[in-house]
Amino acid sequence: MTPELERSHLALSRASSVLGYPRIGPRRELKRALERYWHGDGTRSELLAVGRRIRESTWQELRETGVTQIPGHTFSFYDHVLDDALLIGAVPHRFRDLVRDLSPLDTQFALARGRADVAPLELVALQGTPYHYRQPEFEDSSVFGLRPAELLAEVARAHELGVDIRPVITGPVSLLLLSKPAPTAAPGFRPIALLDRVLEQYEALLEALAGAGVTCVQFDEPCMTMERTPAEVEQVRHAYDRLSAVPSRPRILVTGQYGDLAGALPALASTGIEAIGLDLVHGYRPADELAAIPGLAGKRLYAGVVDGQNVWRTDKFEVLDYLRQLKATFADLVVSTSCTLLHLPYDVGAEVDLPAELEDALAFARQKVAEVVSLADALVDGPTPRWRPLPVRPGARREDVRARTASVDDDDKVRMPYAERAPLQAERLRLPILPTATLGSFPQTVQIRRARRDLADGRIDYERYCGYLREEIASVIRLQEDIGLDVLVHGEVERNDMVQYFAELLDGFAATRHGWVQSYGSRCVRPPILYGDVARPAPMTVEWTGYAQTLTDRPVKGMVTGPVTMLARSFCRTDLALPEVATQLALVIRDEVADLEEAGLAIVQIDEPAIRELLPRRGADRRAYLEWAVATFRLASAGARPDTQIHTHLSYSSLQVMKEAIEGLDADVTAIVATRSIDWVLDALTDHTLTRQVAPGVYESRSGFVPDIDLLHERLLEAVAAVGVDRLWAVPDGGLKTRYTWQLEPSLRNLVTAARRIRRAVARGT
C-alpha cells in the first residue's frame, strides 16, 4: 500500500462528521446584526459580513477539531427550510409583486416577516423540535427555477480557504411534506404532487454542484422518520432512484434525523445513493438488524451515535462497543451526530456559574464535535487515558417531592363537569359574547431590558427594578383599557422567556448565561437544564399579576407556563421517566394557580404551546404519550375553583389524535395557533371534537403584518358560521413580545372593532 493510500485508508477508518452546527454566533452576533438591519441601523453589506464571518469561523473551528467531513450551507440569515425553497425558485404567487425588485436577502425577509399589508409564510415547529421554520407554500401552478448562485459562491469561498464542505440541503420529499398548499391552491391539492417537477430542479442542482467541485451533498429527509404511508415511502425511493441516476453529480448522503427511518430505510438502501445517515440515539437499532437490510452494507453509514438534541455527555465506552459491532458489518463507517447541532448552545466552557453537581456532566455543540472525533479515533486506537466514565447523574433527589408525586391519584385530575362550572364562570366574569383578549406578552421596552441588565450587573437594587416593572405594568393595563379589550394581561414584563423565567425560580433547574439556541429568525432562547427534582420555593407570578388586577375592574389573566412545555423546552434529565418529571412540574403549577386565585384572579392561562413537540413520531407511541401529557395538564389545572376559568394556548395541532387530546385537557378556553390553518379548527368545532370555548388565533402575532378590520371580521365570521358565537373568543395567535407598540396597537384596535361588529349584528338578529 502506497503512503498516499495508507493515509487515505487511515482517514477513512477515522471518518467523522456532524450533520449541522449552530449558526447564530457564540454571542448571538447574527441576532444583533439582523435586528440592526431590520431597524435601519445597519447596512446590507454589514449584515452580509457578519454572515460570512460566522460561516468561515464555523468551518475553521470544525477543521481544527479534526472532524474529517465538514458540513456547509448550514448557515441561514433566517431559516434554512425557506432558503431551500428559494433555492429552487419557489416564491409563492402572492409574494411575486412584493419581491420583484428585492435582493435575495430581502426576498427571504419579505417571505419570513411579511409587510404591513402582506402576511408572512406561516411559522410552524420543525418535526417535534423547539425550532420553528417558515412553511413554504405551493400550488399546482407553482413556477420553479434553480437559483444556485449563493450556494455556489459559498462553495467557492470554502475552497479558497482549503475546506471541502458538504452542502446540506432539505431533501425534495421532506421539502414538500414540510410545506402547505397556498391559499389559492385547488381544493385537495397537496405539495407532494409536485415531486417530479421539483426533482428536475434537484437534478440540475446536482450537476451545478459537481461542476463546482463538490464531492458530496447531504439531503436531509427528517419527514421520513415520522409516520408515513406506503405511497410516501415509495416517493422517497422514486426520488433517490432519479437523483442517483444523474450522470454527473457528487456522492449523495441522505439523512433521517430525529428518529428511526423505519420503512424508508430499506427503500433508500435499494437506490443508487452512496451514503445514509441514521439517528441511532432516538432510532436505535441493533447492529445485526441493520446488517440484515438488503443493500445497506454497501453504503457508507453515518452512525448518529452522539445526541444532537440534549446536553448530557455521551457514554463513550458504551457507544464505542456499539460502533465496533457496526464496524463488523459496515466497513465504510462515519461516526456522526444524531442530527444537526442547531438545537444546542455553542460551548459549555463559556458557563462559569452552573451548579457544582453539573460539573463534567454536560456537552454543548463544541463538546459534541469533540466526542464524535474521539469516538472515531477510538475505533482505530482504542480509548485514550483521558476518557472518563460518566459522572453519577446529578439528580438532586428530594424525598418530599417524590412522596408528593407518589400520592397523586385520579381524583386530583378531575374538575366539576364543564357544563356545571361554565355558568358559574359566566356569572363571575360577566363577559360579552365574542370576548377580546391577547395571549399574554407585550413588547419588552428598551427601559425594561436595560433595567434587567442593570439589576444583573448590580447597578440597581431589586426594589428599584420592581418600580420599573410596576410602571410598565400600569402602562400596559392603560393601553389595553384604551383599546377596549375585555380581558387584560399584565404583559409579562418581568419575564425574559416563558420557560427560562419559571426555571430560574424553581429548584431542580439550572440556567445558563450564554446557552443561546435559535428558535426562529433572530429569536433566541436559553433552554434551562432540568437536572433534579422540581420544587417551588415561593409564588412566581402573583406579585405582578395581582398588582395588575388592582389597577383595573376588568379581569386580568394569570399567566403560567404549562408542565409539558416546561419539559419540552428544557434540556431534560434522562435518569427519570418523563411522566414522573412532568408530574413534579404539574404540582408546582397547581400550587401557583391556587396562589393566583387567592390573589383574586378569576382567569388563569396555562400555556402549552409545546405539547405537540414531544409527540412521538410514529402512531404506536402517540396515544401513550398523550395520555400522560393530558393527565399532567389536568393535574396542574384541576385544583382550580369551579368559577375560575382555565385557559390554555396550543400550537398548530391538526392531527385527529391531537384534537382529541385538546378536548381531553378539559380547559375552559383553548387558544390555538392556527391563523392560516384555521379550517381544521372549524372542522373540529363543527364535528364536536372540541366542545368547550375556543380562540382560533385570527392574525399572526410574530410578523409586522397589520390585519385590517374587514379581514379580521371575515375570519371571525368563518368561526361564527361554523359553531355560533357563544363559544368563540377573538385573539391573536400568540404573544406580542416581538412586536412594537405601533404594530400591535392598530392590530388590536381592529380586532376589537371586528368583534364589536359581530356583537351588534347578533344584537340586531342579523
Side-chain angles (χ1 to χ4, degrees), residues 397-429 502 506-508 533-536 539-542 557-568 576-608 611 614 622-650 657-670 689-693:
R397 183 184 179 99
R398 293 208 18 186
E399 296 305 329
D400 58 332
V401 172
R402 299 292 178 102
R404 189 180 181 195
T405 57
S407 70
V408 170
D409 60 30
D410 290 343
D411 290 343
D412 294 322
K413 304 167 188 173
V414 179
R415 294 185 78 192
M416 175 187 288
Y418 175 74
E420 297 176 26
R421 67 182 190 256
L424 301 177
Q425 296 165 13
E427 176 64 25
R428 183 180 182 189
L429 293 169
F502 289 96
L506 291 169
D507 294 340
D533 289 345
V534 180
R536 187 189 71 139
M540 301 176 287
T541 65
V542 174
K557 280 194 292 186
M559 308 292 303
V560 294
T561 301
V564 176
T565 296
M566 290 293 298
L567 189 67
L576 197 63
L578 290 183
E580 186 169 350
V581 180
T583 298
Q584 294 181 4
L585 287 161
L587 289 170
V588 301
I589 300 304
R590 184 184 180 104
D591 293 344
E592 188 72 13
V593 171
D595 285 333
L596 287 166
E597 288 183 309
E598 185 67 24
L601 277 296
I603 302 176
V604 178
Q605 181 169 304
I606 303 175
D607 285 320
E608 285 289 21
I611 199 166
L614 290 182
R622 285 179 168 178
R623 289 200 177 275
Y625 160 71
L626 288 171
E627 283 180 9
W628 68 254
V630 166
T632 296
F633 181 91
R634 293 181 68 143
L635 176 61
S637 62
R641 293 166 29 178
D643 63 349
T644 297
Q645 194 172 72
I646 296 294
H647 291 219
T648 190
H649 170 216
L650 306 173
V657 69
M658 283 300 302
K659 289 188 277 189
E660 295 167 4
I662 293 170
E663 180 73 2
L665 294 175
D666 196 29
D668 300 301
V669 180
T670 300
T689 304
L690 303 181
T691 64
R692 292 156 175 74
Q693 297 178 63

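Treat the numbers as computed from the prediction; the structure is a model and nothing was measured. Positions are given from 1 along the sequence.
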Enquirer: Which one of Gln645, Gln425, Gln693 satisfies the side-chain hydrogen bond (donor to acceptor under 3.5 Å, both in side chains) criterion with Asp668?
Expert: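 Of all the options given, the one that passes is Gln425.
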Enquirer: With a 4.5 Å cut-off on side-chain heavy atoms, are Leu585 and Thr632 touching?
Expert: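 No, side chains not in contact.
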Enquirer: Give the minimum heavy-atom separation between Arg536 and Asp591, together with the two atoms involved.
Expert: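 For Arg536 versus Asp591, the nearest heavy atoms are NH2-CB, 3.5 Å.
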Enquirer: Could I get the full list of ring pair (Phe, Tyr, Trp, His ring centres under 6.0 Å) partners for His647, not counting sequence neighbours?
Expert: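 Testing His647 for ring pair (Phe, Tyr, Trp, His ring centres under 6.0 Å), a comparison that skips the adjacent residues, returns Trp729.
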Enquirer: A quick test of your reading: do over 12 heavy atoms of other residues, nucleotides or ligands sit less than 6.0 Å from CG of Asp410?
Expert: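 Incorrect, the count does not exceed 12.
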Enquirer: Write down the atom of Ser637, the atom of Ile606, and the distance for their closest heavy-atom approach.
Expert: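 Scanning both residues completely, I find the closest heavy atoms to be CB-CD1, 3.8 Å.
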Enquirer: Specify the closest pair of heavy atoms between Ala586 and Pro563, including all atoms of both residues, with the distance to one decimal.
Expert: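 The pair with the smallest heavy-atom distance is N-CB, 3.7 Å.
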Enquirer: Is there a side-chain contact between Leu596 and Val560 in this structure, where contact means two heavy atoms from C-beta onward sitting under 4.5 Å apart?
Expert: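 Yes, side chains in contact.
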Enquirer: Please determine whether side-chain contact (heavy atoms from CB on, under 4.5 Å) holds for the pair Leu650 and Thr670, giving the CA-CA distance in whole Å, both sets of side-chain angles, and the decisive distance to 0.1 Å.
Expert: CA-CA 7 Å; Leu650 306 173; Thr670 300; 3.8 Å; yes
Enquirer: Evaluate the side-chain proximity of Ile611 to Thr648: yes if any heavy-atom separation is below 4.5 Å, no if none is.
Expert: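 With C-beta onward as the side chain, the pair stays apart.
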Enquirer: What residue among Gln584, Arg398, Arg404 forms side-chain hydrogen bond (donor to acceptor under 3.5 Å, both in side chains) with Asp533?
Expert: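 So the option named by the test is Gln584.
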Enquirer: Can you list every salt bridge (charged side-chain N to carboxylate O under 4.0 Å, His left out) pair that touches residues 635-647, not counting sequence neighbours?
Expert: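 Only Arg428-Asp643, Arg641-Asp643 qualify under salt bridge (charged side-chain N to carboxylate O under 4.0 Å, His left out).
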Enquirer: List in chain and number order the residues that pass salt bridge (charged side-chain N to carboxylate O under 4.0 Å, His left out) with Glu608, two or more places apart in sequence or in another chain; answer none if no residue qualifies.
Expert: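 Glu608 satisfies salt bridge (charged side-chain N to carboxylate O under 4.0 Å, His left out) with no other residue.
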Enquirer: Tell me, do Tyr625 and Leu614 make a side-chain contact under 4.5 Å, heavy atoms counted?
Expert: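 The answer is yes; the side chains approach within 4.5 Å.
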Enquirer: As a test of understanding, state which of Val630, Asp666, Leu635 forms a side-chain contact (heavy atoms from CB on, under 4.5 Å) with Lys413.
Expert: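 Filter result, single survivor: Leu635.
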Enquirer: As a quick check of understanding, evaluate side-chain contact (heavy atoms from CB on, under 4.5 Å) for Val534 and Met566, giving each step before the final call.
Expert: CA-CA 11 Å; Val534 180; Met566 290 293 298; over 6 Å; no
